[in-house]
Structures are given as structure tokens and as C-alpha cells.
Amino acid sequence: MLRKVTEATAIAILATLAVAGPVVDAHKGKTVLSRPNIQPFPHNSGRAKPHSPPRTKACPVTALGGGKDDAPHLLSAFHKCNNGGTVVLDEDYTIATALDLTFLNSVDVALSGSITFKPDIDYWTANAFQYDFQISRAFWKIGGKDVNFFGGGVGVINGSGQPWWDAFAANSSLLRPISLVLDGLHGGSISGIHMVSPPNWFNLIANSSDVIVSDMVLTAKSSSANPVKNSDGWDTYRSDHIVIQNSNIDNTDDCVSFKPNSTNIVVQGLSCNGSHGISVGSLGQYLGQYDIVENVYVYNNTMSNASDAARIKVWPGIQSVFQPTLSGGGGSGYVKNVTYEKFESINNDWAIEVNQCYGQSNQTLCDLYPSNMTISDIYFIDMWGTTSKKYDPKVGTLVCSSPQQCYDIYAKNISVTSPTGKSEWVCSNFDTSGLEGFDCVPS
Ligand SMILES: *[C@@H]1O[C@H](CO)[C@@H](O)[C@H](O)[C@H]1NC(C)=O
Ligand SMILES: *[C@@H]1O[C@H](CO)[C@@H](O)[C@H](O)[C@H]1NC(C)=O
Ligand SMILES: *[C@@H]1O[C@H](CO)[C@@H](O)[C@H](O)[C@H]1NC(C)=O
Ligand SMILES: *[C@@H]1O[C@H](CO)[C@@H](O)[C@H](O)[C@H]1NC(C)=O
Ligand SMILES: *[C@@H]1O[C@H](CO)[C@@H](O)[C@H](O)[C@H]1NC(C)=O
Ligand SMILES: *[C@@H]1O[C@H](CO)[C@@H](O)[C@H](O)[C@H]1NC(C)=O
Ligand SMILES: *[C@@H]1O[C@H](CO)[C@@H](O)[C@H](O)[C@H]1NC(C)=O
Ligand SMILES: *[C@@H]1O[C@H](CO)[C@@H](O)[C@H](O)[C@H]1NC(C)=O
Ligand SMILES: *[C@@H]1O[C@H](CO)[C@@H](O)[C@H](O)[C@H]1NC(C)=O
Ligand SMILES: *[C@@H]1O[C@H](CO)[C@@H](O)[C@H](O)[C@H]1NC(C)=O
Ligand SMILES: *[C@@H]1O[C@H](CO)[C@@H](O)[C@H](O)[C@H]1NC(C)=O
């Protein structure tokens with residue numbers, strides 16, 4: 001088998017690329033990517049991006065082809081290029097066995113080819129990495145320090161979601177892996193990758209800090225009658241100082257979701273379509289657990305054809321079974337200092353939704369058992385556009401458990417209209433005097 005980019009040519013190219021953009025290897029006609037200079041823009045998470053020294057060695061990986069498992073020699077390449085190298089992935093790889101990459105230190109990954117996860121449902125059901133949080137599963141996990149994973153606008157990560165969505169339609173207990181899990185990554189970037197067809201969420205960023213995600217394209221489309229399931233763009237969990245920016249997302253569930261203990265997060269320059277919004281939560285799912293979402297800035301985003309644009313969802317103070325693999329309620333904690341600013345809403349069912357009764361259809365029970373999560377210091381600034389006809393003439397809903405659980409909620413310069421041109425807001429159980437210009441109606 002011919003190695004498309006030899007180690008020597010890759011090193012030479014990487015050296016010249018320290019300053020230049022992507023170039024083509026003249027010998028093989030293949031693109032070798034250089035690390036892009038990804039900076040948070042215009043806002044950062046309140047902390048400078050950590051320094052990431054240039055890499056000094058390269059490890060190209062030859063794909064076995066024919067759907068054979070490339071995981072073992074991918075793992076070898078990561079060991080070989082750990083501590084200062086670039087793993088060069090310029091072919092079409094298959095991952096058919098679980099891959100633990102949480103030992104990384106100062107590594108770049110240059111993906112100009114593709115990574116496809118073999119849809120072997122029996123294998124992954126038994127062997128995917130398992131997390132307690134929302135019974136999550138992972139094909140692979142990346143963690144450590146100082147990792148830059150870039151696709152230069154051409155690299156692809158393919159979760160092979162279709163067979164999983166089809167199987168899920170027949171078995172709603174099927175636990176499906178997340179396409180990319182960052183678990184304990186401190187310092188790094190993920191950029192320029194086209195992610196397609198996740199069996200479950202696209203990305204989970206857990207136990208991580210100082211990570212920037214930029215210039216991504218996320219696409220989830222079903223080719224059968226069975227819908228795409230979940231497909232959250234990015235979920236952050238137990239993570240601090242994360243920036244997600246300049247990306248296009250086409251999915252069917254949250255575009256971005258801030259799960260328990262997400263702090264100092266910036267989301268900017270996203271264009272989301274078909275989702276459930278840029279969402280805080282759900283939180284308060286686990287009795288006895290304390291969830292914090294604090295210092296979140298969601299700036300300059302567009303949301304189209306979604307159930308919600310800006311959303312905050314927390315469980316009530318009583319447990320319920322919402323879906324076969326989603327039950328909870330009774331957990332405590334707080335949501336504090338969250339700003340949504342410059343947000344365009346196009347044809348979303350709700351422009352803003354604040355809900356303290358998530359997962360419970362019986363409002364009487366929510367009134368009897370108010371949420372144990374407080375929501376405070378929330379700002380909605382400069383939102384414009386339209387909602388869908390679903391709740392016309394209503395354009396938003398902010399319903400709390402009680403004024404003790406929701407306070408200091410502000411809205412300013414919001415001009416979102418329903419198809420009939422009216423803009424009614426459902427707002428109840430909290431002090432609504434901070435909502436400038438809202439025409440509040442009862443639910
Ligand atoms: C993703 O992989 C599946 C096979 O698992 C293939 O059928 C599909 O075409 C791939 N999608 C893309 C966009 O490459
Ligand atoms: C459904 O999926 C679950 C979880 O993988 C599995 O335990 C169960 O056996 C499956 N049920 C059927 C009918 O295949
Ligand atoms: C995060 O860290 C905790 C504690 O080390 C660990 O139990 C968990 O598996 C990690 N990952 C996720 C996704 O929760
Ligand atoms: C808003 O985001 C878009 C990318 O979606 C970017 O081109 C534009 O410069 C951003 N505007 C501001 C004011 O940050
Ligand atoms: C956007 O989402 C809507 C609703 O899910 C879908 O019908 C449409 O095809 C999506 N647009 C694109 C460009 O994929
Ligand atoms: C969140 O952080 C708080 C404060 O450090 C801690 O008490 C709580 O257990 C954490 N919750 C989760 C879900 O990690
Ligand atoms: C509130 O969060 C923003 C980021 O959205 C941050 O700049 C600001 O310092 C936070 N305020 C407080 C009081 O922590
Ligand atoms: C929203 O959905 C409509 C109808 O499916 C579609 O024409 C439009 O392109 C979608 N918007 C985006 C941004 O994809
Ligand atoms: C809702 O909960 C209340 C209080 O437990 C109960 O009386 C009522 O029957 C429930 N309603 C429905 C529709 O289940
Ligand atoms: C949670 O809420 C329930 C019902 O309101 C209450 O009985 C319980 O004391 C609360 N627990 C905590 C830890 O706040
Ligand atoms: C209100 O928001 C619109 C849309 O972002 C913006 O053009 C306008 O300048 C804002 N007005 C004020 C008074 O801030």
C-alpha cells in the first residue's frame with residue numbers, strides 16, 4: 001500500500017506551514033493542513049487562550065481501507081506523536097473499536113481526510129465508553145493538554161447515524177454513542193471539521209477548560225422515514241472557559257446546550273437551523289445533585305426553524321419519567337448571569353422560553369413542587385425577527401415556579417413578531433418589570 005504523504009514530506013510541509021495556509025503536497029497531490037490561528041472573536045471567555053508551542057514531528061497514518069478498523073494504528077500514531085507532534089490524517093479512516101485518547105499532551109491532529117465510525121450496533125452497545133451523565137456513550141474520547149484538532153474546512157467526522165436512528169425507531173432504549181467527546185481536555189481547539197450523521201449528540205465537552213471551537217459545519221439529515229434523534233451540536237458539562245463560534249449547524253435538537261457546571265462560556269457567530277435552541281439545561285435532573293450554569297454570553301447568533309431561539313429549561317422539584325431514557329427532577333442549583341445579545345430569530349416556535357417545569361406534563365405537580373433551581377441575572381438584549389405560526393400571536397414564554405426561584409430577569413430592545421404581526425409574551429410567577437416593552441399575557 002502506498003503511503004500518500006511520507007513522514008519526511010509531511011515534516012517538511014509542516015515546517016513551511018508554520019506561517020502559510022494549507023498547501024498541496026506537489027508529489028501526491030494531497031492537501032496537508034497547517035494549524036490555523038484560531039482566536040476567540042469578538043469576545044473571549046474572560047481568560048486568554050493558552051500558548052500552544054509549534055509541533056516538531058509528524059505522524060501520517062495509512063488507512064487500511066475497505067471498512068477495516070484503523071483504531072489500533074491511529075492509537076500508535078498518537079503515542080508516537082504525543083509531546084509535540086502532528087498526527088496527519090489525510091485518508092479515509094474507519095473506527096470500529098473504542099478509542100481512548102485521553103493521554104494527549106501538546107499534539108495537533110490535521111484531518112484533511114475523513115473518520116467514519118462503523119455502525120456495528122452490537123459492538124458499540126457492549127463496548128462504547130459509558131458515562132453516568134444522561135446515560136451517555138462515546139465511540140472515542142479525547143483529553144489531556146494542548147490539543148489542536150483541525151480540518152481546514154475539508155476534514156469529515158461521520159458518525160454513520162442512519163442505521164442508529166433506524167434501530168432507535170424500533171427500540172427507544174437503544175443507547176447511541178456521541179460523535180466526539182472531549183473528556184478532560186485542558187487547552188486546545190477544534191476547528192474546520194464537517195461533522196455528519198451523529199447517532200446521538202454531535203459533541204460533548206466534559207471536564208474540560210480553555211477550549212475553543214470554531215468554523216465547524218454540523219449536518220444531521222435522515223434519509224429514511226425515521227427521524228434524526230438528539231443530534232445536539234455541543235453540550236458543555238463540568239467545563240469552564242469554553243468558546244464556540246463561527247459555525248453552521250443543521251440538526252434536530254439543541255444547537256448548543258449548557259449542561260450542569262458550565263461556566264464562563266461564550267457562543268458567538270453561529271447559524272443554527274432546525275434545532276431546539278441555544279439552551280441552558282436541562283438542569284436539576286438529578287435529585288441530590290447541585291448544578292451550576294454561570295457567566296454565559298451568547299452573542300450574535302441566528303436561529304431558524306427551531307422550537308426555540310433562547311431557552312432556559314430546568315426540571316421541577318419532583319421526579320418524573322419524561323422519555324424512556326430521560327427521567328428526573330428534584331435536583332438543585334442555580335442559573336446565574338446568562339446573556340443572550342444580538343439574536344436573530346427566524347420562524348422559531350418561541351423566540352424565548354424559560355421553563356421550570358421541564359420533563360413534567362402535569363403543571364399542578366410543578367406548582368406543588370417548585371423547581372429547586374434558581375434562575376437569576378438573565379439578560380435578553382437586541383433580539384429581532386419572526387416566530388412560526390405554532391403559538392401565534394404568542395412569541396415567547398417565561399414561566400417560573402415562583403418569584404423566589406426566578407428574579408432579576410431583563411429584556412431590552414426585543415422586536416420579534418408572529419406571522420399575524422402580533423407579539424404576545426406569556427410571563428408568569430416572577431417580577432416581570434424588567435421586561436421592557438413586553439405585552440405579558442397569562443398562559
Ligand atoms: C457516512 O458514512 C456512511 C456509512 O457509514 C455513508 O453511507 C455516508 O455516505 C457517509 N456520509 C458522508 C457525508 O460522508
Ligand atoms: C433495546 O436496546 C437495549 C439497550 O441497548 C437492549 O438492552 C435491548 O435488548 C434492546 N431491545 C430489543 C428488543 O432489541
Ligand atoms: C468527568 O470526570 C468525572 C470525575 O473524574 C468522571 O467520573 C467522568 O466519567 C468524566 N466524564 C464525564 C463525561 O462525565
Ligand atoms: C457575527 O457573526 C458572523 C458570523 O456568523 C460574523 O461574520 C460577524 O462578523 C459577526 N458580527 C459581530 C458584530 O460580531
Ligand atoms: C432547516 O430545518 C428545517 C426544519 O427542520 C428543514 O426542513 C430544512 O431542510 C433545514 N434547512 C437546511 C438548509 O437543511
Ligand atoms: C458543580 O459544582 C459544585 C460546586 O463546585 C459542586 O458542588 C457540584 O457537585 C458540581 N455538580 C456537578 C454536576 O458536577
Ligand atoms: C457575567 O458574565 C459575563 C460574561 O457573559 C462576564 O463578563 C461578567 O464578568 C460576569 N459578571 C459577573 C458579576 O461575574
Ligand atoms: C428554514 O426552513 C425553510 C423551509 O424548510 C427553508 O426553506 C429554509 O432554508 C430554512 N432555513 C435555513 C436557514 O436553513
Ligand atoms: C396532576 O397531578 C395532580 C396532583 O398530584 C393530580 O391530582 C392530577 O390528577 C394530575 N393530573 C393528571 C392529568 O395526571
Ligand atoms: C427540593 O424541592 C422540594 C419540593 O419543593 C423540597 O421539598 C426539597 O426540600 C427541595 N430540596 C432541596 C435540596 O432544595
Ligand atoms: C435594537 O436592536 C437592533 C437589532 O440588533 C439594533 O439595530 C438597534 O440598534 C438596537 N437599538 C438600540 C436602541 O439598542
Side-chain angles (χ1 to χ4, degrees), residues 36-46 49 153 156 158-159 161-162 165 169 189-198 200-202 212-234 242-257 265-279 296-311 339-351 353 379-392 395 412-419:
N37 179 19
I38 301 293
Q39 294 297 332
F41 182 81
H43 297 285
N44 70 23
S45 67
K49 196 182 160 217
V156 172
N158 182 347
Q162 190 68 51
W165 307 325
S189 62
I190 311 285
S191 67
I193 299 172
H194 186 186
M195 299 184 73
V196 298
S197 299
N200 197 317
W201 302 340
F202 276 103
I212 173 164
V213 177
S214 196
D215 307 289
M216 302 284 286
V217 176
L218 272 47
T219 314
K221 282 244 181 290
S222 176
S223 59
S224 77
N226 302 313
V228 172
K229 278 318 248 187
N230 304 102
S231 74
D232 293 23
W234 292 270
I242 308 293
V243 177
I244 298 168
Q245 66 181 22
N246 296 345
S247 298
N248 281 299
I249 300 91
D250 212 314
N251 72 348
T252 65
D253 207 325
D254 295 316
C255 186
V256 183
S257 159
I265 316 275
V266 172
V267 172
Q268 56 194 351
L270 302 192
S271 179
C272 310
N273 178 58
S275 79
H276 289 173
I278 296 181
S279 310
V296 172
Y297 191 41
V298 180
Y299 177 79
N300 180 36
N301 301 284
T302 300
M303 178 70 61
S304 307
N305 299 315
S307 65
D308 303 83
R311 185 175 192 188
T339 300
Y340 289 88
E341 183 172 350
K342 292 201 190 301
F343 206 159
E344 183 177 17
S345 170
I346 305 171
N347 191 42
N348 304 304
D349 299 339
W350 294 124
E353 177 175 10
Y379 304 85
F380 302 100
I381 305 166
D382 297 354
M383 280 185 79
W384 69 97
T386 59
T387 50
S388 72
K389 61 178 192 294
K390 185 161 182 185
Y391 302 112
D392 192 345
V395 297
K412 197 175 155 177
N413 190 26
I414 312 291
S415 59
V416 177
T417 47
S418 67

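Residue numbers start at 1 and run along the sequence shown. First listed ligand is number 1; within each ligand, the first listed atom is number 1.
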Within-cutoff protein neighbour (heavy atom, under 4.0 Å) for atom 9 (O) of ligand 4: no
Thr386 side, atom OG1; Asn347 side, atom CG - distance, nearest 0.5 Å: 5.5 Å
Residue Gly274 vicinity, atoms of ligand 5 by number, heavy atom under 4.0 Å: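 Taking each heavy atom of Gly274 in turn, ligand 5 has 2 (O), 5 (O) under 4.0 Å.
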Nearest neighbour of atom 2 (O) of ligand 4 from the list Thr302, Asn301, Asn300, on a heavy-atom basis: Asn300
Heavy-atom nearest neighbour of atom 5 (O) of ligand 4 within options Gly269, Pro42, Ser247: Gly269
Heavy atom of the protein closest to atom 14 (O) of ligand 5 (residue, atom name, distance): Asp250 OD2, 2.5 Å
Atom 12 (C) of ligand 8: nearest protein contact (heavy atom, Å): Asn273 OD1, 3.4 Å
His276 and Asp253: side chain donor to acceptor below 3.5 Å: yes
Side-chain donor-acceptor contact under 3.5 Å, Asp349 with Ser307: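 No, no side-chain donor-acceptor contact under 3.5 Å.
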Whether Tyr391 and Trp350 hold their rings parallel, tilted or perpendicular, with breakpoints at 30° and 60°: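 Aromatic pair Tyr391/Trp350 classed parallel.
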Parallel, tilted or perpendicular: ring planes of Phe380 versus Tyr340, cut at 30 and 60 degrees: parallel
Residues Glu341, Tyr379; criterion side chain to side chain contact (heavy atoms under 4.5 Å, CB included); working and verdict: CA-CA 8 Å; Glu341 183 172 350; Tyr379 304 85; over 6 Å; no
Ser304 neighbourhood, listing ligand 8 atoms whose heavy-atom distance to it stays under 4.0 Å: 13 (C)
Which atom of Phe343 lies closest to which atom of Asn301, heavy atoms considered: CD2-O, 3.2 Å
Geometric N/O contact Asn305 with ligand 8, under 3.5 angstrom: yes
Per-atom contacts of ligand 4 with Tyr299, taking only distances under 4.0 Å to non-hydrogen atoms: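 Those atoms are 13 (C), 14 (O).
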